[in-house]
*Asks:* 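Encoded as structure tokens, here's the structure I'll be asking about.
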Amino acid sequence: MSEEKVAMRMVGRVAVVESDNQPVNALGHAVRKGLFDNVSAAAADAGVDAIVIACKGRTFHAGADITEFGKPPQEPGLVEVIELIEACEKPVVAAIHGTALGGGLELALGCHFRVAVPSAKVGLPEVKLGLLPGAGGTQRLPRLIGAVAALEPIVKGDPIPAPRAAELGIIDAVAEGDLVEAAVKMAEAKAAEGGPLPRISQMRTPPTDMEAFEAEAGRLLSRSRGLKAPATCAQTVRNAITMSFADGTAQERALFAELRDGPESKAQRHAFFAEREANKVPGVTKDVKPRPVNRIAVLGAGTMGGGITMSFASAGIPVTIIDLNPEALERGMGVIEKNYRNTQRRGGLTEAQVDAALANITASSDFDSVAEADMVIEAVFENMDLKKKIFKDLDAKCKPGCVLASNTSTLDVDEIAAVTSRPEDVVGMHFFSPANVMRLLEIVRGEKTAPDVLKTAMDVGKKGGKIPVVVGVCYGFVGNRMLHARGAQIEPMLLEGASPSEIDGALTKFGMAMGPLAMSDMAGLDVGYRIRQESGRKAPVNDAICEMGRFGQKTGKGWYLYEEGSRRPIPDPEIDALIARVAKEQGVTRREFSEQEIFERLMFPMINEGAKTLEEGVALRASDIDVIYLYGYGFPVGQGGPMYYADQVGADYICERLDHYADVTGTESLRPCALMRKLAAEKSTFAAAKAA
Ligand code: T1G
């Protein structure tokens, strides 16, 4: 089956048409053609009573081949293949294992019957790529399960486990035992039964309670953050209620093309591949085996330690959370229990899942407990001397081969590793707060970190539901270092006349969930204040606010005011007056600010700093930086990440603006770095630079 991606074999009088296009049987041209030819042949073969559509490898068709988007279409298209299957006079059964996603589920909905293994998942995740199901899914699913029930799978795009899909009526049976055998049995039975075959396109959408429909659509769209695809998906489902199948699919195809060719989907498709690209780390090849990790020890029962513990306990990995201060340990366990029960109340986890996760956690105030662990994650206070002392003790107590990880968010991992006799076992694992929610994991590769230690940290991170991105050692690594470059512009702009709401507004308008000042109010201003005090750095306005005891949401006042029980930031004239006073003391002339200037002075220095991390090899590739910002800093997915965004804006424009701001502010550090200037001069992009 070198070129042939699809083959047919007979099981009795049933033709089993099997695809083999690894790794995910994407419905690229060769697969579509193979399906079309083999199903046509089976349909015309008198020796065939029925057909089974199945796939080799780890999954059923995981959708259209995303890499084909934007390229000239090749016949047959997926719609034609599905129409051929649905029109077939012989029963066609889809045999589903792994994931039937996007075009893969649409193909299965074109079949007359569907059977799946219990572990299978089905779904229409196109909306996560800024698209909509473009091969009939928006019209067939509502006709099969009802318009209200079809909304969430299409507007949110999450996969549905087979047992639930059977309850909903998306699949006809869950096969215990061999899948293809079960599918062949079903096909034989249906052929023997005879009679009209269920063709979903000929069904009418069941009567719909429009009030319930619009309420459900409203609920789902309330979290779509202004992205186009979710609302368009909801509209296509609404069309399935009012339009014929032909008109509904014509609308579907037109809206699909519009989204496919739009900037949001291009950005989201970039994000999809960027996330997968981040897995490819030089020196960590496929034959590097991860070390076994059957127990993790987390040092420190504070906010980060608690969140990290939950991530792994929820994933079924036994965790020992250690805090030498018994009160802190008890408090930390209390927060963990409370967080789990809150998630359970919101329906995010079942009681059984919460109990299982809690059962995976052992609390200890005995440091020697680290001796049982295969991996230790240190999550104590951000202080170098303290971390060095701990790593010295870990070196003495931990078993050979134990991975020694630090959750430091800024400090030099090599300096920490150097106090141990096993620097090759030391790695940074930088989680983001709240660590049980945020998916990003910056894995900091030290000079001596062994490839299998990196591999182990990446694998364990993925098991904990994280998206690992490997970065090098420098102050603040990639994410925080770029954030500092952005942050360094905030105080000067406030002193020069911009208001806190204008600063935050410039980024929320761009699509960020929250602006930098509201974000720091949520995280607590005292954290940054203590770090500045320790490092001797000054932030005149921020320091003044902290010295008034205003630490953000936790004190009801920070950059903004917060009413009791509310997280909504309210502008505070007292802060405007404070800023004006500090500006006067600093002799700064105040002026009006345009939104464009604020946005550019926040975004462009950040991009420039990202480029520096590429120059220095701290970041492996520009798309890694995008993954870091998409999953760690709430960068709007419809913008693809800061470096992808830079490529849309153009390095030449960014350089011209950075030079301009350096001139008007006298801040030389704003000047574009060599890589920015090179891309500008060559009219090139970060994407092209990577490909080169
Ligand atoms: N097209 C092309 N390549 C794909 C692909 C796809 N649909 N899915 C995965 N890959 C590549 C991926 O880049 C990686 O490559 C390798 O396969 C393994 O993937 C008409 C328009 C199926 C759950 O959105 O969610 O159908 O990095 O690392 O973690 O309506 O892949 O090794 O070179 O992610 O086991 C809709 C996308 C398409 C599903 C497996 N389908 N895929 O996860 O492996 S649009 C999707 C996934 C569509 C129709 C529309 C996941 C997975 P490389 P992986 P995994």
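Read the numbers this way: they start at 1 and go in the same order the structure lists the ligands and their atoms. If you read the sequence from its start, that first residue is 1, and numbering goes on from there.
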*Asks:* Starting from atom 1 (N) of ligand 1, locate the nearest protein heavy atom and write down its residue, its atom name and how far away it is, to 0.1 Å.
*Replies:* Ile66 N, 3.0 Å
*Asks:* Starting from atom 2 (C) of ligand 1, locate the nearest protein heavy atom and write down its residue, its atom name and how far away it is, to 0.1 Å.
*Replies:* Asp65 OD1, 3.3 Å
*Asks:* Kindly identify the option in Gly137, Gly103, Ala62 whose heavy atom sits closest to atom 41 (N) of ligand 1.
*Replies:* Ala62
*Asks:* Check step by step if side-chain contact (heavy atoms from CB on, under 4.5 Å) holds for Arg143 and Ser201.
*Replies:* CA-CA 8 Å; Arg143 281 170 168 72; Ser201 65; 5.9 Å; no
*Asks:* To which protein heavy atom is atom 9 (C) of ligand 1 closest, and what is the distance rounded to 0.1 Å?
*Replies:*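 Looking only at protein heavy atoms, the one closest to atom 9 (C) of ligand 1 is Val24 CG2, 3.6 Å.
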*Asks:* Please work out, at 4.0 Å between heavy atoms, whether the side chain, the backbone, both, or neither of Phe60 comes within that distance of ligand 1.
*Replies:* neither
*Asks:* Would you kindly specify which portion of Asn279 sits under 4.0 Å from ligand 1, judged on non-hydrogen atoms: side chain, backbone, both or neither?
*Replies:* neither
*Asks:* Would you say the side chains of Glu252 and Thr138 form a donor-acceptor pair under 3.5 Å?
*Replies:*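 Distance-only check passes for Glu252 and Thr138.
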*Asks:* Is it the case that the side chains of Gln251 and Asp247 hold a donor-acceptor pair, with the cut-off being a distance below 3.5 Å and no angle test?
*Replies:*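 Gln251 and Asp247 do not have a side-chain donor-acceptor pair below 3.5 Å.
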*Asks:* Nearest protein heavy atom to atom 28 (O) of ligand 1: under 4.0 Å?
*Replies:* yes
*Asks:* At a non-hydrogen distance cut-off of under 4.0 Å, which region of Lys128 contacts ligand 1 (side chain, backbone, both, or neither)?
*Replies:* neither
*Asks:* Nearest heavy atom to atom 30 (O) of ligand 1: which of Glu106, Lys462, His61, Glu275 does it belong to?
*Replies:*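 It is Glu106 that holds the nearest heavy atom.
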*Asks:* Please indicate whether any nitrogen or oxygen in Lys280 is less than 3.5 Å from any nitrogen or oxygen in ligand 1.
*Replies:* yes
*Asks:* Check for a donor-acceptor pair, side chain of Asp647 on one end and backbone N or O of Ala687 on the other, with a separation under 3.5 Å.
*Replies:* yes
*Asks:* Quick one: which ligand 1 atoms are inside 4.0 Å of a heavy atom on Pro125?
*Replies:* 24 (O), 41 (N), 46 (C)
*Asks:* Distance under 4.0 Å to a non-hydrogen atom of Phe273: what atoms of ligand 1 satisfy this?
*Replies:*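 Close to Phe273: 13 (O).
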*Asks:* Is the Tyr645-Phe686 ring centre distance short of 6.0 angstrom?
*Replies:* no
*Asks:* Could you tell me whether atom 52 (C) of ligand 1 has at least one protein heavy atom nearer than 4.0 Å?
*Replies:*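 Given the 4.0 Å limit, the answer for atom 52 (C) of ligand 1 is no, no protein heavy atom qualifies.
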*Asks:* So, Thr285 versus Asp287: side-chain donor-acceptor pair below 3.5 Å or not?
*Replies:* yes
*Asks:* Counting each atom of ligand 1 from 1 as listed, which ones have a heavy atom of Phe256 under 4.0 Å away?
*Replies:*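 The list of qualifying atoms is 21 (C).
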*Asks:* Using heavy-atom distances, let me know which of Gln22, Arg58, Arg276 sits nearest atom 18 (C) of ligand 1.
*Replies:* Arg58
*Asks:* Considering only heavy atoms, which of Ala64, Gly63, Ala26, Ala100 lies nearest to atom 7 (N) of ligand 1?
*Replies:* Ala64
*Asks:* Would Pro133 count as a polar contact of ligand 1, with the cut-off being nitrogen or oxygen pairs under 3.5 Å?
*Replies:* no
*Asks:* Under 4.0 Å from a heavy atom of Pro23: give me the atoms of ligand 1 that qualify, with their elements.
*Replies:* 16 (C), 17 (O), 18 (C)
*Asks:* Nearest protein heavy-atom contact for atom 23 (C) of ligand 1: which residue, which atom, what distance?
*Replies:* Leu101 CD1, 4.0 Å
*Asks:* Report yes or no: does Thr59 have a heavy atom closer than 4.0 Å to ligand 1?
*Replies:* no
*Asks:* Answer yes or no: is there a donor N or O on one side and an acceptor on the other, between the side chain of Lys455 and the main chain of Lys289, under 3.5 Å?
*Replies:*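 Such a contact is absent between Lys455 side chain and Lys289 backbone.
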*Asks:* Are any of the N/O atoms in Leu131 less than 3.5 Å from those in ligand 1?
*Replies:*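 Not met; the criterion fails.
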